[in-house]
Amino acid sequence: MSRPATTQIRFPARLWDTVLDKETEFDGTLPDYCPDVIRLIRVDCTPYTDTCQIIDGKLQINGRVIYDILYEADHKNKLRFCSFTQEFRHTADLPKNDLESPEAYCNASCSKITCRMLSPRRLLLRARLELHTTVSGMTAVSLLSTQPVEDVFFVKKPLRYDVPGETVKKEFRFDEALPLLQGEDSIGEMVFGTVSVQPPQATVTRGSVLAKTNAVVKVLYQPEDTSLGGNYRMVVKNLPLTLSVETPEAEEGKLCSLKLEMGAHSVLPELDQYGESRMLKASFTVGT
């Protein structure tokens with residue numbers, strides 16, 4: 001009896017899909033323009049991954065952590081805000097594999113953060129990061145040939161798999177003027193302003209991916225007229241955004257993964273047409 005012929009095919013395979021833990025520690029001193037800390041109000045940690053590479057069989061992740069500190073100052077018991085940036089690197093051994101041209105993808109989140117005051121101007125920050133990592137590439141397997149062979153019987157079964165497309169990176173820049181509503185007090189002194197982006201809703205059409213989301217602008221400030229009562233005000237503005245990413249590989253019915261990351265951003269008070277401090281100027285970038 002003749003032996004059936006075999007053929008070799010190549011298709012994508014996932015080698016690794018895991019979450020890596022990363023501990024960071026930062027010993028920071030307040031900048032000269034910031035007054036001393038009397039009491040900590042809130043501490044936030046936002047990690048970003050800049051590169052995720054495979055070098056000599058090891059996964060190497062480079063990124064940065066932004067620590068945001070809101071505190072009560074010794075100067076007239078006012079609230080103050082400051083921010084620190086720390087770079088980090090994490091290396092992990094990959095399982096043995098025979099993948100061709102493996103590629104790694106990673107995004108980070110913060111699961112825990114602690115802050116301890118070593119002095120009125122010195123803070124010790126510790127954070128636990130979760131690095132969500134995926135490694136995939138091309139592999140090859142041998143299958144029976146579909147050509148008929150005498151005295152050999154076998155059942156044909158279709159083999160289906162996902163073909164990964166090219167990763168498209170694009171940056172969008174926005175400069176938006178946001179007026180305060182009639183019931184919102186004029187800005188006297190701004191403590192801090194932040195911009196974040198919500199998870200998008202994506203629509204895939206031939207040749208492009210359309211993403212709809214909201215940019216959330218938060219501002220904490222002291223009102224211009226302190227006789228109105230209360231020391232501080234919080235304003236939250238939702239700004240609808242529509243982002244279009246063009247790629248020839250986009251097509252209806254195909255799987256698409258879209259992730260938005262907030263880049264550099266700033267929020268500053270501005271005067272309106274009547275010369276009153278009732279405007280916010282939000283400048284930020286969003287990357288895909």
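Starting from 1, each residue takes its place in the sequence as its number. Basis for what follows: all heavy atoms, side chains included, without hydrogens, waters or symmetry-related copies.
Taking the charged nitrogens against the carboxylate oxygens, E184 and K237 do have a contact shorter than 4.0 Å, which makes a salt bridge. A salt bridge is defined here as a Lys NZ or Arg NE, NH1 or NH2 lying under 4.0 Å from an Asp or Glu carboxylate O, and D50 with R64 meets this definition. E72 and R80 are not joined by a salt bridge, as no carboxylate oxygen comes within less than 4.0 angstrom of a charged side-chain nitrogen.
A side-chain hydrogen bond (donor to acceptor under 3.5 Å, both in side chains) with N62 is found for one member of R89, H90, E87 and no other, namely R89. Looking at V197, T194, L239, D175 one by one, the single match for side chain to side chain contact (heavy atoms under 4.5 Å, CB included) with F284 turns out to be L239.
We find the SG-CZ distance between C34 and F81 to be 10.0 Å, quoted to the nearest 0.5 Å. Rounding to the nearest 0.5 angstrom, the gap separating the CG atom in L79 from the CG atom in L70 is 5.5 Å. Note that OG of S109 is 3.5 Å distant from NE2 of H132, once rounded to the nearest 0.5 Å.
Hydrophobic clustering (side-chain heavy atoms under 4.5 Å, transitive across Ile, Leu, Val, Met, Phe, Trp, Tyr) groups L280 together with M262. Hydrophobic cluster membership differs between V19 and L129, with clusters built from Ile, Leu, Val, Met, Phe, Trp and Tyr side chains linked at under 4.5 angstrom.
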TODO: Decide yes or no on salt bridge (Lys or Arg N to Asp or Glu O under 4.0 Å) for E189 and K78, but give the supporting numbers first.
DONE: CA-CA 10 Å; E189 182 177 354; K78 287 190 175 182; 3.3 Å; yes
Task: Audit row: T49, N107, side chain to side chain donor-acceptor pair (under 3.5 Å) steps and yes/no - done: CA-CA 6 Å; T49 55; N107 60 78; over 6 Å; no
Open item on the list: I'd like to know whether R233 forms a salt bridge (Lys or Arg N to Asp or Glu O under 4.0 Å) with E224, so could you lay out the CA-CA distance, the side-chain angles of the two residues, the decisive distance to 0.1 Å, and finally the verdict.
Closed with: CA-CA 11 Å; R233 301 287 188 271; E224 189 174 27; over 6 Å; no
Open item on the list: One pair to check against side chain to side chain donor-acceptor pair (under 3.5 Å): Y48 and E261. What are the steps and the verdict?
Closed with: CA-CA 9 Å; Y48 297 92; E261 286 191 350; over 6 Å; no
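Using cut-offs of 30° and 60° on the angle between ring planes, the pair F26 and Y67 is parallel.
By the 4.5 Å side-chain criterion applied to Ile, Leu, Val, Met, Phe, Trp and Tyr, L118 is assigned to a cluster that also includes L124.
Annotation: side chain of L59 is in contact with side chain of C52 (closest heavy-atom distance under 4.5 Å).
The heavy-atom pair separating R122 from D27 by the smallest distance is NH2-OD2, 2.5 Å.
Environment of CD in E246: sparse, with no more than 12 heavy atoms of neighbouring residues, nucleotides or ligands closer than 6.0 Å. Heavy-atom contacts from other residues, nucleotides or ligands closer than 6.0 Å to NZ of K212 number 12 or fewer. By the neighbour-count criterion of 12 heavy atoms within 6.0 Å, atom NZ of K259 is densely surrounded, having more than that number from other residues, nucleotides or ligands.
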